[in-house]
Number of protein chains: 2
Amino acid sequence: MSQMQNVERQLREMILGLEIGPGERLTERWIESRFGASRTPVRAALLRLETEGLIGRDGRGWTVAPINLAELGQIAVYREAVEVAAVRLTAALEDRGGVDVIAAMLDSCDAETPREEWHRVGMDFHIELARLSGNEFLLRAVRDAMTRLSRARWLEVRDEKALGRAWAEHHAILAAARAGDADEAARLLSAHIAGSRDRLVTSLHDDRRGLRARGFAVVE
Amino acid sequence: MSQMQNVERQLREMILGLEIGPGERLTERWIESRFGASRTPVRAALLRLETEGLIGRDGRGWTVAPINLAELGQIAVYREAVEVAAVRLTAALEDRGGVDVIAAMLDSCDAETPREEWHRVGMDFHIELARLSGNEFLLRAVRDAMTRLSRARWLEVRDEKALGRAWAEHHAILAAARAGDADEAARLLSAHIAGSRDRLVTSLHDDRRGLRARGFAVVE
DNA sequence: GATACCAGCTTGGTATACCAAAACGGTATC
DNA sequence: GATACCGTTTTGGTATACCAAGCTGGTATC
């Protein structure tokens with residue numbers, strides 16, 4: 001694997017894992033010494049992460065993207081557009097066997113499963129559902145949206161009940177898609193995305209002081 | 001303006017203007033000498049154009065993205081999802097004055113207007129309509145899609161009648177949006193995108209031999 | 001004549017040196 | 001004590017040298 005991919009992957013993981021906090025400044029020299037790569041692959045990695053929206057430019061320098069509550073609302077609208085389109089395509093497929101694979105993925109989580117795994121499966125549900133549509137652009141759109149949401153979802157304070165509700169909603173969406181009921185799947189998915197957004201924004205808004213106390217930049 | 005932005009902009013224009021043909025190979029050294037910049041900004045520009053889908057990797061090297069007919073179909077589905085969402089938001093706005101600005105832009109084209117300008121306005125219509133929605137993600141999605149479609153639309157053989165029809169359809173969509181009729185605007189926009197796709201794919205498919213004779217890679 | 005192999009060249013990947021601009025810090029002045 | 005100014009340091013932008021992998025063309029061998 002090339003140094004560029006190496007740096008890109010590790011840096012992305014550090015950002016998504018909040019090892020580098022939202023709003024933190026990055027210097028190419030620090031990354032260079034941190035990962036043992038020279039500035040050329042470091043710069044390449046930064047350029048890629050910039051297009052993913054995980055980092056941005058602050059004047060001449062680089063900054064880890066802050067948590068942006070307004071952006072979360074816009075992403076929800078975007079997600080609804082592309083995910084609903086994807087699930088409608090999936091529900092119209094001849095062979096909807098892929099739905100069962102996703103259901104099995106959901107069922108691999110139980111009370112013993114670590115929170116990290118729930119987090120990953122919750123995102124992969126949406127990504128894999130988009131993949132079933134067979135449309136590369138819808139898939140990429142969902143993947144990008146989930147990447148941007150990842151940190152916010154990780155910071156969300158979710159109780160046991162909320163996890164169970166999301167799990168049930170996911171299964172209901174799959175059931176409608178499996179049955180070929182595009183309208184019902186679309187309706188359920190829209191409601192699911194809107195509900196997720198509401199809980200997410202409310203949770204982060206209520207907790208914004210705590211987040212800032214941890215050194216995280218939060219934009220409202 | 002930095003060398004990177006310089007190279008990126010010029011290279012993009014050369015690719016979109018078909019001065020560098022679809023499928024053509026690119027070497028960093030050629031670009032370096034062609035634009036008088038060193039490899040560092042050249043590589044940065046290539047990385048950005050790669051994320052735009054205008055160039056891709058061919059093993060170790062770089063290749064201008066071929067014209068891909070299957071991709072055109074997928075983009076149409078993607079466009080429909082995001083553009084319909086955008087126009088619905090726009091139709092629901094309190095202040096829909098921006099619609100008239102777009103209408104004026106359409107009306108700036110007449111029989112004397114060069115084809116290049118029609119091409120640009122035809123794309124900007126969709127981009128500006130998405131901008132009115134106020135959603136950054138929908139806007140970016142439409143802009144990206146139009147960038148990817150740009151070369152194909154330029155290669156399409158369009159008669160006077162087709163241009164007039166597109167112009168009329170654009171105005172009808174604006175009228176519905178201005179009236180706040182989201183359903184009608186969505187219906188018209190969906191039909192417009194589907195019709196555009198059909199004409200585009202048919203035209204390029206019929207002309208694929210001619211395109212290949214010009215040295216353009218065409219994937220079906 | 002075909003094929004296997006080798007040398008040279010091309011090319012992307014990487015490291016690094018140099019530069020200008022901006023940020024920082026300290027000092028002198030009011 | 002505040003502020004304006006200047007030198008130092010830091011930082012991103014750029015150019016370039018070097019490397020390894022892969023391609024090319026030619027040659028030698030069968």
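Atom set for the values below is all heavy atoms of this structure, side chains included, hydrogens, waters and symmetry mates excluded. Naming: A, B, ... by sequence-line order, numbering from 1 per chain. If you're wondering where the values come from, they're calculated on a predicted model, not measured in any experiment.
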Answer with yes or no whether the side chains of [Y] and [X] bring together a donor and an acceptor at under 3.5 Å.
X: A:Ser203; Y: A:Glu156; value: no
X: A:His126; Y: A:Arg143; value: no
X: B:Asp144; Y: B:Thr147; value: no

To the nearest Å, how far apart are [X] [atom1] and [N] [atom2]?
X: B:Asn6; N: D:dG13; atom1: CG; atom2: P; value: 14 Å
X: A:Arg57; N: D:dG13; atom1: CZ; atom2: C1'; value: 9 Å
X: A:Arg25; N: C:dC24; atom1: CZ; atom2: C1'; value: 13 Å
X: A:Arg60; N: C:dA20; atom1: CZ; atom2: P; value: 13 Å
X: B:Glu32; N: D:dT14; atom1: CD; atom2: C1'; value: 11 Å
X: B:Met4; N: D:dG12; atom1: CE; atom2: C1'; value: 13 Å
X: A:Asp58; N: D:dT11; atom1: CG; atom2: P; value: 14 Å
X: A:Glu28; N: C:dA17; atom1: CD; atom2: C1'; value: 15 Å

[X] near the nucleic acid: base, sugar-phosphate alone, or nothing, with a heavy-atom cut-off under 4.0 Å?
X: B:Gly59; answer: nothing
X: A:Leu26; answer: sugar-phosphate
X: B:Ala37; answer: sugar-phosphate
X: B:Thr27; answer: sugar-phosphate

Phosphate OP1/OP2 of C:dT16 contacted by A:Arg29 side-chain N/O (<4.0 Å):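 Negative; the distance criterion is not met.
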
D:dG13 OP1/OP2 closer than 4.0 Å to side-chain N/O of B:Gln5: no

Any donor-acceptor N/O pair under 3.5 Å between C:dG13 base and B:Arg43 side chain: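 By the distance-only test, no, there is no pair.
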
Base C:dG13 to side chain B:Arg39, donor-acceptor N/O within 3.5 Å cut-off: yes

Any donor-acceptor pair under 3.5 Å from A:His170 side chain to A:Ile102 backbone: no

Under 3.5 Å donor-acceptor, B:Glu71 side chain and B:Asn68 backbone: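 No.
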
Candidate nucleotides C:dC18, C:dG12, D:dA15, ranked by approach to the side chain of B:Thr40 - the nearest: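 Per side-chain heavy atoms of B:Thr40, the pick is D:dA15.
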
Given C:dT11, D:dA15, C:dT16, the nucleotide with the shortest approach to the side chain of A:Ser38: C:dT16

